[in-house]
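This structure is a prediction, so every number in the text was calculated from the model and none was measured.
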Amino acid sequence: MLNREEQIKEFLEKNGYEKAARIPLSSDASFRRYERIALDNEVVMLMDAPPEKEKIEPFINIDNYLRRRGFSSPDIYAEDRKNGFLLLEDLGNDSYTNVLSGKSPISSAYNEYDLYTAAVDVLVQLGRSTLPRKMPDYDRKLLIKECKLLADWYLPNVEADVNIKNASDNYIETWEGLLNFNKIADDVVVLRDYHADNLMWLPDRNGVEQVGLLDFQDAVIGSPVYDIVSLLEDARRDVGASTVKAMINRYLDIRKSINRDDFFAAYAIYAAQRNCKIIGIFARLANRDGKARYLDYLPRVWGHLQRDMEHPVLAPLRRWFDNALPK
């Protein structure tokens with residue numbers, strides 16, 4: 001049986017890239033790995049997703065869905081589903097993060113408002129798109145499962161003067177109540193990790209195609225509010241308060257059928273759910289996987305969560321935190 005490196009070389013050779021230069025890219029929080037594959041004047045991306053840890057079929061399915069509807073997800077040039085390899089279109093280096101942090105040659109030409117306006121317009125257009133036939137639902141069961149990550153991975157690893165089991169049970173009961181609310185709009189495709197690191201700025205394209213989309217393999221069918229939260233309550237960068245307000249207003253001005261009070265209540269709930277999930281995930285990455293660098297993001301995530309809990313709808317969650325994690 002070939003080892004992983006031999007499998008990669010075989011895949012590249014099969015597709016004419018045996019003599020290409022290979023440039024590893026920094027890894028993310030998943031088990032996937034990426035390399036730039038450069039041959040003469042051509043550059044493509046290699047996705048390495050070990051099949052025992054990651055499935056590439058969801059990525060392929062949602063990628064095809066997005067491209068058929070006019071969005072800029074990467075073209076797929078070659079695939080090996082059995083071994084977990086893809087050759088993808090390279091969307092470049094101009095992520096929202098790089099452009100807005102001054103790390104891109106085009107940084108001076110664009111600002112946060114421009115880029116986030118384009119990102120909101122993608123969400124509006126995505127909400128108008130026909131739903132795929134086969135995609136998991138972002139239902140209460142899955143939302144609760146994600147909430148539980150904080151109780152499972154964060155709570156046991158901090159100094160808390162509480163009974164861990166009782167606190168965890170009360171935490172889940174609190175979320176069961178909070179997530180028992182009516183939809184504010186029809187369900188949409190939720191990309192789930194719709195934030196600056198996963199959005200590429202492609203100014204040479206037009207309309208929604210200017211926003212390159214990455215890391216969408218976990219897409220589900222759920223509330224349109226969720227990806228707005230992902231965009232505006234980014235764990236890795238601070239989005240300006242004026243931008244947050246302007247983007248929410250832009251979305252609601254277009255989606256006139258959505259009641260504003262209902263939107264802000266749902267926004268608070270989904271934002272708190274996502275931030276609790278992230279706290280749990282980052283604690284797991286540190287404690288289980290030895291990726292302690294993710295703890296550096298926690299102060300920002302806690303800041304988001306504290307502001308979320310200022311909304312009256314989250315009073316039960318605020319009481320839980322006051323009792324279980326007062327610090």
Side-chain angles (χ1 to χ4, degrees), residues 1-68 71-99 103-104 132 134-136 191-202 205 211-220 236 281-282 284-294:
M1 182 177 293
L2 298 177
N3 63 35
R4 196 65 181 166
E5 179 59 25
E6 290 169 337
Q7 289 177 335
I8 292 173
K9 289 181 178 178
E10 185 178 83
F11 177 66
L12 293 175
E13 182 177 357
K14 179 181 178 181
N15 289 284
Y17 291 98
E18 66 272 16
K19 295 182 180 180
R22 295 172 53 188
I23 307 161
L25 302 183
S26 58
S27 60
D28 61 9
S30 74
F31 294 105
R32 292 183 309 280
R33 195 175 65 85
Y34 293 90
E35 294 182 18
R36 272 202 166 91
I37 308 299
L39 181 64
D40 299 326
N41 294 322
E42 183 183 8
V43 180
V44 298
M45 297 292 294
L46 168 69
M47 177 196 286
D48 172 9
E52 68 276 10
K53 296 179 179 179
E54 296 271 350
K55 302 298 182 185
I56 64 170
E57 284 82 3
F59 180 94
I60 294 171
N61 292 339
I62 190 63
D63 184 86
N64 289 332
Y65 169 86
L66 292 168
R67 284 189 291 110
R68 284 196 299 267
F71 298 103
S72 289
S73 57
D75 278 337
I76 299 174
Y77 301 136
E79 60 184 62
D80 178 347
R81 298 191 184 209
K82 178 181 176 182
N83 293 309
F85 298 123
L86 294 175
L87 286 178
L88 303 168
E89 177 186 9
D90 183 1
L91 296 182
N93 293 311
D94 293 328
S95 67
Y96 273 38
T97 299
N98 286 343
V99 173
K103 296 179 180 178
S104 165
K134 293 183 178 180
M135 188 174 286
L191 301 180
R192 276 174 108 178
D193 287 310
Y194 192 76
H195 55 73
D197 278 357
N198 292 333
L199 302 178
M200 309 300 295
W201 186 234
L202 309 172
R205 303 187 185 186
V211 183
L213 305 175
L214 304 177
D215 200 16
F216 42 70
Q217 62 284 333
D218 294 324
V220 288
R236 293 169 174 81
I281 289 173
F282 287 177
R284 184 176 65 186
L285 285 166
N287 288 297
R288 186 190 70 183
D289 303 332
K291 297 181 179 181
R293 67 184 184 275
Y294 285 93

Undergrad: Residues two or more places apart in sequence or in another chain: which of them pass side-chain hydrogen bond (donor to acceptor under 3.5 Å, both in side chains) with Arg284?
TA: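 Partners of Arg284 by the side-chain hydrogen bond (donor to acceptor under 3.5 Å, both in side chains) criterion come out as none, since no residue qualifies.
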Undergrad: Under 3.5 Å, side-chain donor or acceptor atoms of residues 13-22 against the rest of the protein: list the pairs with distances, not counting sequence neighbours.
TA:
from, atom 1, to, atom 2, distance (Å)
Asn15, ND2, Phe11, O, 2.9
Tyr17, OH, Glu42, OE2, 2.6
Arg22, NE, Glu35, OE1, 2.7
Arg22, NH1, Glu5, OE2, 2.5
Arg22, NH2, Glu5, OE1, 3.3
Arg22, NH2, Glu5, OE2, 3.4
Arg22, NH2, Glu35, OE1, 3.3
Arg22, NH2, Glu35, OE2, 2.9

Undergrad: How far apart are the closest heavy atoms of Ala286 and Ala292, and which atoms are they?
TA: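 In this case the closest contact between Ala286 and Ala292 is CB-CA, 4.0 Å.
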Undergrad: Donor-acceptor check, side chain of Asn98 to backbone of Asn93, threshold 3.5 angstrom: yes or no?
TA: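 A pair under 3.5 Å: yes.
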Undergrad: If the test is side chain to side chain donor-acceptor pair (under 3.5 Å), which one of Arg192, Arg32, His195 qualifies with Asp215?
TA: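 Single side chain to side chain donor-acceptor pair (under 3.5 Å) partner of Asp215 among Arg192, Arg32, His195: Arg32.
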Undergrad: With sequence neighbours excluded, what pairs up with Asp80 under the salt bridge (Lys or Arg N to Asp or Glu O under 4.0 Å) test?
TA: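 Partners of Asp80 under the salt bridge (Lys or Arg N to Asp or Glu O under 4.0 Å) test: none.
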Undergrad: Can you find a pair of side-chain heavy atoms, one from Met45 and one from Pro74, that are under 4.5 Å apart?
TA: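 No - every pair of side-chain heavy atoms lies 4.5 Å or more apart.
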Undergrad: For a 4.5 angstrom cut-off between non-hydrogen side-chain atoms, does Asn61 reach Lys134?
TA: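 Answer no - side chains too far apart.
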Undergrad: Rounded to the nearest 0.5 Å, what's the gap from CG on Leu213 to CG on Leu191? Could you check?
TA: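 It is 6.5 Å, given to the nearest 0.5 Å.
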Undergrad: Would you please name every residue forming a side chain to side chain contact (heavy atoms under 4.5 Å, CB included) with Ile60, sequence neighbours left out?
TA: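 With neighbours one apart ignored, the set is Ile56, Asn64, Ile76, Glu79, Arg81, Leu86.
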Undergrad: Decide side chain to side chain contact (heavy atoms under 4.5 Å, CB included) for Leu214 and Leu199; before the verdict, give the C-alpha distance in whole Å, the side-chain angles of both, and the deciding distance to 0.1 Å.
TA: CA-CA 6 Å; Leu214 304 177; Leu199 302 178; over 6 Å; no
Undergrad: Quick check: do Leu12 and Leu87 have side-chain heavy atoms less than 4.5 Å from each other?
TA: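 Leu12 vs Leu87: side chains touch.
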Undergrad: Provide the closest heavy-atom pair for Ser95 versus Ala196 in the form atom of the first, atom of the second, distance.
TA: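 Of all heavy-atom pairs spanning Ser95 and Ala196, the closest is CB-O, 4.1 Å.
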Undergrad: CG/Leu46 to CG/Leu88 distance, rounded to the nearest 0.5 angstrom?
TA: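 If I round to the nearest 0.5 Å, the distance is 8.0 Å.
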Undergrad: Compare every heavy atom of Leu91 with every heavy atom of Leu202, then report the nearest pair and how far apart it is.
TA: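 Closest pair (atom of Leu202, atom of Leu91, distance): CD2-O, 3.5 Å.
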Undergrad: Considering residues at least two apart in sequence or located in another chain, which fulfil the side-chain hydrogen bond (donor to acceptor under 3.5 Å, both in side chains) criterion with Asp75?
TA: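 Here the qualifying residues are Arg67.
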Undergrad: Can you tell me how far apart CG (Asp218) and CE (Met135) are? Round to the nearest 0.5 Å.
TA: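 Those atoms lie 10.5 Å apart.
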Undergrad: Looking at every heavy atom in both Ser73 and Glu89, which two are closest together, and how far apart are they?
TA: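 Heavy atoms only, the tightest pair is O-OE1, 4.0 Å.
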Undergrad: Report the residues that fulfil ring-ring contact (aromatic ring centres under 6.0 Å, His included) with Tyr194, sequence neighbours left out, ordered by chain and then residue number.
TA: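 For Tyr194 there are no ring-ring contact (aromatic ring centres under 6.0 Å, His included) partners, ignoring immediate neighbours.
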Undergrad: For Phe282 and Tyr294, work out which heavy atoms get closest and say how close.
TA: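 Here Phe282 and Tyr294 meet closest at CD1-O, 3.4 Å.
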Undergrad: Please check if the side chain of Asp63 supplies one atom and the backbone of Phe59 the other of a donor-acceptor pair under 3.5 Å.
TA: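 Judged by distance alone, no pair lies under 3.5 Å.
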Undergrad: Identify the heavy atoms of Gln217 and Pro58 that sit nearest to each other, and give their distance.
TA: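 Taking every non-hydrogen atom into account, O-CB, 3.3 Å.
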Undergrad: Not counting sequence neighbours, which residues clear side-chain hydrogen bond (donor to acceptor under 3.5 Å, both in side chains) with Asp197? List them please.
TA: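 In terms of side-chain hydrogen bond (donor to acceptor under 3.5 Å, both in side chains), with neighbours along the sequence ignored, Asp197 is linked to Thr97, Arg236.
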Undergrad: Residues two or more places apart in sequence or in another chain: which of them pass side-chain hydrogen bond (donor to acceptor under 3.5 Å, both in side chains) with Asp48?
TA: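 By the side-chain hydrogen bond (donor to acceptor under 3.5 Å, both in side chains) rule, Asp48 matches Arg4, Arg33.
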Undergrad: Answer yes or no: is there a donor N or O on one side and an acceptor on the other, between the side chain of Lys103 and the main chain of Val99, under 3.5 Å?
TA: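 Between the backbone of Val99 and the side chain of Lys103 there is no qualifying donor-acceptor contact (under 3.5 Å).
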